Amino acid sequence: MPKFGRCHLFLMMVKSLFNAVEFYPLQELYMNQLFKLCGRGLRYVRQYGPAQLYYKIKERRERNQAEAGYEAWLKERLEEEKATVKEAEELSKKGPLISVLVPAYETPPLFLRQMIESVLEQSYGNLELCIADGSPSDQVRQIAEEYAGKDSRLHYEKLNQNLGISENTNAALSMAKGDYIGLLDHDDLLLPGALYEVAGILYKAGGADAVYTDEDKVNMDLTHHFQPHFKPDFNSEYLLSNNYICHFFVVKRELAQRVGGFREAFDGAQDYDFILRCTERAERVLHIPKVLYSWRCHEASTAANPESKLYAYEAGKQAVAAHLKRMGIRGEVLSTSNYGFHRIRFHWEDPKILIKSFANLNGQMGVKVVYYDKACNNSVTIPRNSDYVLFAHVRNAGLSEGFLEELCACCERPKVGIACARVYDKKKRLTSDICMEGVKDSFGGSMQGLKEGCTGYFHRAVLHQELVSPTDCFLVKGKLLRGVDHLTVEELCTHITKQGYRIVYNPWAVVYESR
């Protein structure tokens, strides 16, 4: 772990902030913005320490460098989409009506025009744009009515008063007539083929309750797209850790109304609360692994300055806590060192026990430890009559405090069959990848080898999530292994998932291989 003197830390931080925030053209990086960035950095150091800030900045810079070719990549994809215009026109004749909901409040005129045009110029034409305006002034009304006069698909309502983000969105929802509704912020943009892709996947799949897409950020004047967010297929475990779905989210209008629309108590994270309630009742949620939504990044937005709306992150925690209560899951929602990302501490009834190594763990609390060797096709012999079996590739290792409690609490949840730990080798690097289903990231690689202190792409190395394959240490309930004697790790996982159980990653159970 690096050590810093205060002066050296400050100079390093200023230099690194310049390098890390590469998405700002230099002419836009005014001194007051730099001072704000430094202030945020210093507050972060006071709360979490200089090493964590160092790794945070280092990872952001490395990711920016990896994504240096993103704009050219995106431009190529947009050019390819132009060839689908004819198909989009045909689909518009038989596809669903999609209502795009926009709650507006004193939207800057240029931003408003760009947002409206990004919707009305979609290649898929069976749409309507519903704008509910809570602005005291008439600047939004004048522009919206100008466009509505030229295109009947734009519906506008001037509200008697500003009702807040949730109730303004509910007003837009009440205007909608579509089979599906999509959520769009008043200063953001849909990329040209967004609704065509949504309608297309719905048509091919024979319908779904909800659909979401990948997204990116764009600067104030729309000259620079950056920080694409390549998301996994629907992952309810990961959704508890953060609102990864966010934009662009499309859901059946009937379902949106059935769950009660948006709730004022969660303003700031009203979309998170809404998505959680919709997906709780959804039978089918589809993911389109394409960047189709651009989140405008300016000083007042959380996209550029996460400290601009700290209340939103607290509202997000409350939304997750409310979800856990509705689902009958006993757990506590805790903040992490990254705004908007949570840790869920699931409750386990058994008493705390002190276990510091695998040797101490074997035989405790009905647990059997089984070691396997990757070089021998991961072959393992399944022990009999055990409450739990812990499979580990690493033999000599130290364990984090509460290691067994964390994994057992995971395993005891409904339909969790395998609870995976975070495993570091002797050089304190991850021994295996951490991979969710459906991620199409053209600019990132495996997280195997990620150094301790680093959190990975969108902090995925330290967040709960459902995985496609286990890490190098995982716990299984003994009853799920009945009837099998000798399997490879891959066969064991298939045996469990075929029973309808999930592979879940719990990063708060940590294994450190001994030197």
Side-chain angles (χ1 to χ4, degrees), residues 1-4 8-9 12-13 16 20 41 44-66 237-238 241-242 334-345 355-361 371 374 390-407 410 419-436 439 441 444-465 467 469-475 504-515:
M1 183 176 293
K3 301 182 184 299
F4 304 98
H8 180 256
L9 167 64
M12 179 276 296
M13 184 176 64
S16 297
Y44 190 92
V45 167
R46 283 197 294 269
Q47 188 168 1
Y48 301 110
Q52 203 151 348
L53 177 65
Y54 168 80
Y55 287 122
K56 189 181 184 75
I57 293 173
K58 179 177 181 290
E59 282 195 276
R60 180 66 265 165
R61 185 178 183 185
E62 289 173 351
R63 185 69 193 192
N64 286 344
Q65 291 170 344
E237 198 76 17
Y238 187 45
S241 298
N242 71 111
L334 306 174
S335 297
T336 69
S337 58
N338 299 292
Y339 292 122
F341 295 84
H342 320 114
R343 170 186 179 181
I344 312 299
R345 179 181 286 153
I355 294 174
K356 294 184 177 180
S357 70
F358 289 145
N360 292 340
L361 190 151
Y371 300 104
K374 288 182 179 180
L390 185 82
F391 297 90
H393 168 61
V394 176
R395 288 180 175 270
N396 299 314
L399 308 177
S400 61
E401 183 179 355
F403 174 85
L404 183 60
E405 289 89 341
E406 289 286 354
L407 292 184
C410 241
C420 305
R422 177 164 36 131
V423 185
Y424 290 105
D425 63 17
K426 296 175 183 178
K427 296 182 179 179
K428 294 190 176 180
R429 297 184 181 276
L430 287 180
T431 62
S432 59
D433 195 11
I434 297 163
C435 185
M436 291 180 280
V439 179
D441 182 359
S446 169
M447 274 196 274
Q448 185 174 3
L450 188 72
K451 189 172 179 59
E452 184 187 19
C454 296
T455 61
Y457 184 58
F458 278 85
H459 314 300
R460 290 175 185 170
V462 293
L463 296 176
H464 279 94
Q465 59 205 267
L467 301 180
S469 59
T471 62
D472 286 341
C473 178
F474 57 93
L475 187 73
V504 169
Y505 174 60
N506 185 338
W508 306 103
V510 190
V511 176
Y512 299 94
E513 185 177 7
S514 303
R515 291 182 180 277

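Computed from a predicted model, the values in this text were never measured in an experiment.
Residues Asn338 and Lys56 meet the side-chain proximity criterion, which asks for heavy atoms closer than 4.5 Å. At a threshold of 4.5 Å between non-hydrogen side-chain atoms, the residues Leu399 and Val511 count as touching. Looking only at side-chain heavy atoms (C-beta outward), Tyr55 and Thr455 stay at 4.5 Å or farther from each other. Proximity of Gln448 to Leu430: side-chain heavy atoms (C-beta onward) are nowhere separated by under 4.5 Å.
The CG atom of Asn396 lies 5.5 Å from the OG atom of Ser514; values are rounded to the nearest 0.5 Å. For the atom pair Leu390 CG and Leu404 CG, the distance stands at 8.0 Å (nearest 0.5 Å). Rounding to the nearest 0.5 Å places CD1 of Ile434 at 7.5 Å from CG of Leu450. To the nearest 0.5 Å, atoms OH (Tyr424) and OG (Ser400) are separated by 10.5 Å. In this structure, Arg60 CZ and Gln65 CD are separated by 10.5 Å, a value rounded to the nearest 0.5 Å. Here the CZ atom belonging to Phe391 is positioned 13.5 Å from the CG atom belonging to Asp472, to the nearest 0.5 angstrom.
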### Chi angles and distances behind the side-chain hydrogen bond (donor to acceptor under 3.5 Å, both in side chains) call for Tyr505, Arg460
CA-CA 10 Å; Tyr505 174 60; Arg460 290 175 185 170; over 6 Å; no

### Trace of the salt bridge (Lys or Arg N to Asp or Glu O under 4.0 Å) decision for Arg343 with Glu406
CA-CA 12 Å; Arg343 170 186 179 181; Glu406 289 286 354; 2.6 Å; yes

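With hydrogens and angles disregarded, a donor-acceptor distance shorter than 3.5 Å links the side chain of Thr471 to the backbone of Ala421. The backbone N or O of Tyr238 sits nowhere less than 3.5 Å from a side-chain atom of His464 that would complete a donor-acceptor pair. Under the 3.5 Å distance criterion, the side-chain polar atoms of Glu513 are left unmatched by any main-chain donor or acceptor of Ala397. Of the possible polar contacts, one joining the Thr336 side chain to the Phe341 backbone as a donor-acceptor pair under 3.5 Å is found.
Here the closest non-hydrogen pair linking Leu463 and Gln465 is O-NE2, 2.8 Å.
Scanning for side-chain contact (heavy atoms from CB on, under 4.5 Å) contacts around Ser469 gives an empty result, with sequence neighbours left out. Legend: residues meeting side-chain hydrogen bond (donor to acceptor under 3.5 Å, both in side chains) with Asp441, ordered by chain and number and at least two apart, are Arg63.
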